[in-house]
Amino acid sequence: MSAWLADESTPCPRTGSGTRSRTGTHHGVDVFTALRDQAGDQSAQVTAAGAAWLAGASAYPRSTLAQWEAHPGSPGVLPCGSAFDVVNVPALFGRRMLEHLWADGPGSGPVATHRGRMLLFAAPGTAQRLPSLLDWEEWGGAPRPGEDQGPEPLREAADREGRMPPLLCHGTGDAVTVPPLACGSAAAGPRWVVAPDTRNPWLPGPDVLLWACVRVTRSTPPGAVRISIFPPADQGANVYDVSRRR
């Protein structure tokens, strides 16, 4: 199972001898070669090996890679449960989780943002176990996909006051939107915060994500003003210490 959405990204810069037409189709460019050849900060750029890992989540990896090569600027939809699960949290809470994971914990796996939410890619099985662990720790508040999370203002208030916000855990039977393989932009739409860069990325399990959730909730007292290492969301800066990635 895989699907590809309409290309809504900004035009890509010219890479090598290839050009991009107005319809979004690349001519004369092997997108995976382009990914390997790109220089600069790679923390938010999918590598060829990372693309192969993502494609492995689908039932037909070769077809998925072919579709990705034809539409590298389009978001995709991939199934969860085999290569990865996804824990879907409010953006602010997710940023705080990443701060703790990178500063005090083992780091993170791939991470993306989409529609004001942060998607943390996790080990398969996490979607089933994490809600149970949260309930066991008496935190709860992790609805299943499709369940009512309550009004948006109430969710934002819970996040500001240091309480556990509703989490969405996507596992077997679910699918998630993944950012474009290449040519990510600061415009609205899914984008990578920490992009996959290997065929076998380390993925946090339910115990690690439970630790991060509880750490964020306990470290943010009601009404506290937290100084974050993150710039405003519209700047799109990447400030993670990717040298610690596994």
Side-chain angles (χ1 to χ4, degrees), residues 41-47 50 53 84-114 116-142 155-171 176 179 191-198 200-233 235-246:
D41 183 9
Q42 296 291 314
S43 62
Q45 174 64 59
V46 179
T47 65
W53 172 72
F84 54 78
D85 283 359
V86 170
V87 177
N88 182 332
V89 302
L92 179 57
F93 192 83
R95 289 179 176 184
R96 292 172 178 169
M97 287 180 66
L98 287 183
E99 287 177 347
H100 285 288
L101 284 169
W102 283 104
D104 307 315
S108 73
V111 181
T113 60
H114 184 46
R117 308 279 295 187
M118 189 165 283
L119 311 179
L120 290 89
F121 286 66
T126 298
Q128 181 178 4
R129 291 197 58 204
L130 182 58
S132 299
L133 291 175
L134 288 168
D135 288 339
W136 183 72
E137 291 284 349
E138 298 183 351
W139 290 99
R155 299 201 300 272
E156 293 179 354
D159 194 13
R160 288 195 302 270
E161 295 178 8
R163 298 197 301 270
M164 185 79 69
L167 309 181
L168 293 174
C169 297
H170 305 288
V176 294
R191 61 186 179 88
W192 291 107
V193 178
V194 180
D197 60 357
T198 175
N200 296 289
W202 178 80
L203 299 173
D207 53 342
V208 173
L209 294 179
L210 172 68
W211 172 85
C213 288
V214 173
R215 189 73 176 260
V216 170
T217 305
R218 288 177 174 171
S219 65
T220 310
V225 177
R226 181 181 176 87
I227 300 175
S228 174
I229 65 172
F230 293 92
Q235 293 185 14
N238 300 303
V239 294
Y240 300 105
D241 180 10
V242 297
S243 64
R244 296 182 57 202
R245 293 185 65 181
R246 296 199 175 197

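Numbering starts at 1 and runs along the sequence shown.
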Note: Gly94 and Val89 closest approach over all heavy atoms is CA-CG2, 3.4 Å
Find the distance between CG (Leu167) and CZ (Arg117) and round it off to the nearest 0.5 Å.
7.5 Å
Given side chains that start at C-beta, do those of His114 and Val176 come closer than 4.5 Å, heavy atoms only?
no
When every non-hydrogen atom of Leu203 is compared with those of Pro124, the smallest separation belongs to CD1-CD, 4.5 Å
Could you grab the distance from atom OG of Ser108 to atom CG of Leu101, nearest 0.5 Å is fine?
6.5 Å
Step by step, would you call Ser219 with Arg96 a side chain to side chain contact (heavy atoms under 4.5 Å, CB included)?
CA-CA 10 Å; Ser219 65; Arg96 292 172 178 169; over 6 Å; no
In a table with atom names and distances, give each donor-acceptor pair under 3.5 Å that connects a side chain of residues 206-214 to protein atoms at least two apart or in another chain.
none

Does some side-chain heavy atom of Pro201 sit less than 4.5 Å from a side-chain heavy atom of Phe121?
no
I'd like to know whether Met118 forms a side chain to side chain contact (heavy atoms under 4.5 Å, CB included) with Leu98, so could you lay out the CA-CA distance, the side-chain angles of the two residues, the decisive distance to 0.1 Å, and finally the verdict.
CA-CA 10 Å; Met118 189 165 283; Leu98 287 183; 3.7 Å; yes
Might you point out which heavy atoms bring Arg215 and Asp104 nearest each other, and give the distance in Å?
NH2-OD2, 3.6 Å
Using side-chain heavy atoms (C-beta onward) and a distance below 4.5 Å, is Trp53 in contact with Pro110?
yes
Can you give me the closest heavy-atom contact between Thr126 and Ala122, atom names plus distance?
OG1-CB, 3.7 Å
State, to 0.1 Å, how close Trp192 and Val46 come at their nearest heavy-atom pair, and which atoms those are.
NE1-CG2, 3.2 Å
Val216 versus Phe93, closest heavy-atom pair with distance:
CG1-CE1, 3.5 Å
Check whether Asn88 reaches the backbone of Leu119 with its side chain - one donor and one acceptor, N or O, closer than 3.5 Å.
no
